[in-house]
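What follows is a short report on a single structure.
Being a predicted model, the structure only gives us computed values, none of them experimental.
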Amino acid sequence: MKKIFLLMAVAFGFAATEASAQQYQQQQPKSPVKFGVRVGANLSNWQGETVNSAQNLIDLSDGNVSRKMREGVHAGLYMSIPVGPGFEIEPGLQYSQKGTRLTGKLPWVETEFLNANLTVTNKAEYIELPVMAKLYVGEGFHIFAGPQVAYLLSNKVQAQASVLGFNALNREWDMKNGFREVDFSVVGGIGYQFTNGLNLSAGYDHGLNTIDQNGNFETYNRTFKASVGYTF
């Protein structure tokens, strides 16, 4: 009789455990791997010791030359992989424009009437592979951070000049030689995921290695990004 009661208790306990597990699984939302697309704007610049030295020379020009951020775009695909409650890993692949810009005018008072302006822009184009860890800290709100490796597709320098409002020069040179082809950086930012799949994010790329191939110039990529995406 004791054996019968023992068997009944074990069977009842097993059945209760199974029912509880099934009920828990039914209550948990399904979180399959998802894919998405993203597009956005970049604001890029160079920073480092070499750039600071150049800035000192710019200051000596009495404000006739200034350093500005280069506007660009980025676009690509990403994959969201659920790891745990409120936590995802998000690898991606995207095209991204970076670089920097110098603008100035002739410093001589005698030539002020010409209104001569010169703009030199470094136009770098990369293919980036970010791998982000994304943590949700509220309903839709999340923070993300992780490493990124980028491959330099092309690097060009564009010179534009105008005199009396007319275009006097617009030339572009290929300057990929001497620039590092692989650029490593860390990325971080914040975002919001809507329930319909739309998402918004703002982030910052902090380059870790010098942009020149031999490391002779202490100059690094710095980029701010604002993005809109859609997760399918």
- Query: What is the minimum heavy-atom distance between G92 and L129, and which atoms define it?
  - Reply: O-CD1, 2.8 Å
- Taking D212 for its side chain and G178 for its backbone only, find out whether a donor-acceptor pair lies under 3.5 Å. no
- Should L77 and I127 be counted in the same cluster of Ile, Leu, Val, Met, Phe, Trp and Tyr side chains packed under 4.5 Å apart? no
- Message: If you apply the rule salt bridge (charged side-chain N to carboxylate O under 4.0 Å, His left out), what do you find for K34 with E88, and how did you get there?
- Response: CA-CA 11 Å; K34 297 180 180 180; E88 298 174 347; over 6 Å; no
- Message: Set out, in order, the CA-CA distance, both residues' side-chain angles and the distance that settles side chain to side chain contact (heavy atoms under 4.5 Å, CB included) for T121 and V157, then state yes or no.
- Response: CA-CA 6 Å; T121 305; V157 173; over 6 Å; no
- With a cutoff of under 4.5 Å between side-chain heavy atoms, which Ile, Leu, Val, Met, Phe, Trp and Tyr residues group with L43? M69, Y204, F224
- Taking every non-hydrogen atom, the tightest pair across T100 and K68: OG1-O, 3.6 Å
- Message: Tell me if a side-chain donor or acceptor on R180 pairs with a main-chain N or O of T210 at a distance below 3.5 Å.
- Response: yes
- Item | Atom pair CH2 (W173) and NZ (K123), whose distance is rounded to the nearest 0.5 Å | 12.0 Å
- For R222 and W46, indicate whether the former's side chain and the latter's backbone hold a donor-acceptor pair under 3.5 Å. no
- Interatomic distance, OG@S80 vs CE@M132, rounded to 0.5 Å, equals 12.0 Å
- Message: Working to the nearest 0.5 angstrom, can you tell me the gap between K156 NZ and R171 CZ?
- Response: 13.5 Å
- Shared ILVMFWY cluster between L208 and V182, side chains joined below 4.5 angstrom? no
- Please identify each residue that fulfils side chain to side chain contact (heavy atoms under 4.5 Å, CB included) with L152, with sequence neighbours left out. A124, Y126, N155, K176, F179
- Gap separating the CG atom of N122 from the OG1 atom of T219, nearest 0.5 angstrom: 10.5 Å
- Query: Do L135 and I190 belong to the same hydrophobic cluster, where Ile, Leu, Val, Met, Phe, Trp and Tyr are linked whenever their side-chain heavy atoms lie under 4.5 Å apart, directly or via other members?
  - Reply: yes
- Task: For Q158, enumerate each residue passing the side-chain hydrogen bond (donor to acceptor under 3.5 Å, both in side chains) test, keeping only those at least two apart in sequence or located in another chain.
- Result: N170
- Would you check, one step at a time, whether the test side-chain hydrogen bond (donor to acceptor under 3.5 Å, both in side chains) holds for R38 with S227? CA-CA 7 Å; R38 176 176 291 124; S227 311; 4.5 Å; no
- Message: Do T103 and T119 pair up side chain to side chain, a donor and an acceptor below 3.5 Å, judged on atom types alone?
- Response: no
- For N177, look at atom CG and say whether over 12 heavy atoms of other residues, nucleotides or ligands are found less than 6.0 Å away. no
- How would you list, by chain and number, every residue that makes a side-chain hydrogen bond (donor to acceptor under 3.5 Å, both in side chains) with E181, sequence neighbours excluded? none
- For Y136, does the OH atom have more than 12 heavy-atom neighbours from other residues, nucleotides or ligands under 6.0 Å away? yes
Using a 3.5 Å cut-off and no angle test, enumerate the donor-acceptor pairs between side-chain atoms of residues 137-148 and protein atoms at least two apart in sequence or in another chain.
unit_1: H142; atom_1: ND1; unit_2: G140; atom_2: O; d: 3.2
unit_1: Q148; atom_1: NE2; unit_2: E128; atom_2: OE2; d: 3.4
unit_1: Q148; atom_1: NE2; unit_2: S185; atom_2: OG; d: 3.4
unit_1: Q148; atom_1: NE2; unit_2: D205; atom_2: OD2; d: 3.2

- Message: Are the side chains of P91 and I81 in contact, using a 4.5 Å heavy-atom criterion?
- Response: yes
- What's the shortest heavy-atom distance between R101 and E71, and which atoms? NH1-OE1, 2.6 Å
- Item | Pairs where residues 72-98 contributes a residue and the test ring-ring contact (aromatic ring centres under 6.0 Å, His included) is met, not counting sequence neighbours | none
- Can you find a heavy atom in the side chain of K225 that is under 4.5 Å from one in the side chain of S96? yes
- Message: Nearest 0.5 Å, please: how far is CG in D183 from NZ in K98?
- Response: 5.5 Å
- Query: What is the distance from atom OH of Y230 to atom CZ of F194, rounded to the nearest 0.5 Å?
  - Reply: 12.5 Å
- Flag side-chain contact, heavy atom, 4.5 Å: V228 against N199: no
- Has the side chain of Q97 got a donor or acceptor atom that lies under 3.5 Å from a matching backbone atom of V73? yes
- Task: State plainly whether one hydrophobic cluster holds both L93 and V131, where clusters connect Ile, Leu, Val, Met, Phe, Trp and Tyr through side-chain heavy atoms under 4.5 angstrom apart.
- Result: no
- Message: Any non-hydrogen side-chain atom of F35 less than 4.5 Å from a side-chain atom of M79?
- Response: yes
- Task: Without swapping roles, check the side chain of N42 against the backbone of S44 for a donor-acceptor pair under 3.5 Å.
- Result: no
- Query: Looking just at side-chain N and O atoms, do R67 and N45 make a donor-acceptor pair shorter than 3.5 Å?
  - Reply: yes
- Taking the side chain as C-beta and beyond, is there a heavy-atom pair between H206 and V186 under 4.5 Å? yes
